[in-house]
Structure formats: structure tokens, C-alpha cells
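Accompanying notes for the structure given below.
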Amino acid sequence: MEPQHRPVPIWQWVLIQLAESIPLLNILFMLVLAFLGGVHPCIRNYARAFLLILSAIILLIVIILLIALVQQSDSSAVEA
């Protein structure tokens, strides 16, 4: 078996999950895992999926906040 195709040990997944639970550091950690070489392909794909989902959530929150701000400004203009 090639080294990159060996299974990822459980302790490595546990460390990744622990690092994910630390705010802001998790983003930096996942960026390192996703884009630096020498990382197991499974872990690299996991980090990329994490970043993709996180980006989608942040984008959704920004869109909801913008819609709320527009509606609030519209309702205050009607009252005046």
C-alpha cells in the first residue's frame, strides 16, 4: 500500500475534531490542512468540505442580515 492510501488513525481524527472546536483557530487549522502538501487525501478533502460548508453558512448569514437591514430601513421610511 502507498503511504497516502493507508487509513487515517483514530487519534488523528480526534485531534482534528478537537482543533475544530476552537473558534477562529479552526478556520486557520482547516486552511492549513486543506491547502498544504503532505496531508492525507481524506483529511485534505474533509478540511475542504468543512471550509465549503462554513463559507456557505457565512454567506447565508450575510444575506439574511442584508435582507433584514433593507426591510428595517423600508419600514422606518414608511413610518416617517
Side-chain angles (χ1 to χ4, degrees):
M1 256 191 207
E2 294 181 30
Q4 63 181 343
H5 294 294
R6 279 191 251 153
V8 179
I10 296 286
W11 63 267
Q12 230 174 353
W13 286 115
V14 171
L15 290 175
I16 291 169
Q17 293 291 317
L18 287 173
E20 264 184 20
S21 65
I22 303 170
L24 298 179
L25 181 62
N26 61 356
I27 298 170
L28 179 65
F29 182 70
M30 288 298 170
L31 284 169
V32 168
L33 289 179
F35 299 113
L36 283 186
V39 178
H40 193 285
C42 291
I43 294 174
R44 185 176 54 239
N45 287 337
Y46 178 78
R48 289 176 179 173
F50 175 87
L51 292 170
L52 184 65
I53 291 170
L54 184 65
S55 299
I57 290 170
I58 290 172
L59 182 64
L60 185 62
I61 289 171
V62 167
I63 289 171
I64 290 171
L65 287 174
L66 286 174
I67 290 171
L69 284 173
V70 167
Q71 285 182 348
Q72 183 181 9
S73 65
D74 286 347
S75 65
S76 63
V78 170
E79 290 175 5

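- Checking each of L65, I64, I58 against I61 for a side-chain contact (heavy atoms from CB on, under 4.5 Å) leaves exactly one that passes, namely L65.
- For L52, the side-chain contact (heavy atoms from CB on, under 4.5 Å) criterion is met by no residue, not counting sequence neighbours.
- Screening residues 18-36 for side chain to side chain donor-acceptor pair (under 3.5 Å), with sequence neighbours left out, gives E20-Y46.
- When every heavy atom of F35 is checked against every heavy atom of L51, the shortest pair comes out as CE1-CD1, 4.1 Å.
- Of the possible donor and acceptor atoms, one in the side chain of H40 sits under 3.5 Å from a partner among the backbone N and O of R6.
- Put simply, the side chain of R44 does not reach to within 4.5 Å of the side chain of L36, judged on heavy atoms.
- Residues L15 and M30 fall into different hydrophobic clusters, defined by Ile, Leu, Val, Met, Phe, Trp and Tyr side chains chained together at heavy-atom separations under 4.5 Å.
- Heavy atoms from other residues, nucleotides or ligands lying under 6.0 Å from CG of L24 number 12 at most.
- With rounding to the nearest 0.5 angstrom, the CG atom of L31 is 11.0 Å from the CZ atom of R48.
- The cluster map of Ile, Leu, Val, Met, Phe, Trp and Tyr, joined by side-chain heavy atoms under 4.5 Å apart, puts I16 and V8 in the same cluster.
- What you find for L54 and I27 is that their closest heavy atoms are CD2-CG1, 3.6 Å.
- No more than 12 heavy atoms of other residues, nucleotides or ligands shown are found within 6.0 angstrom of CD1 on I10.
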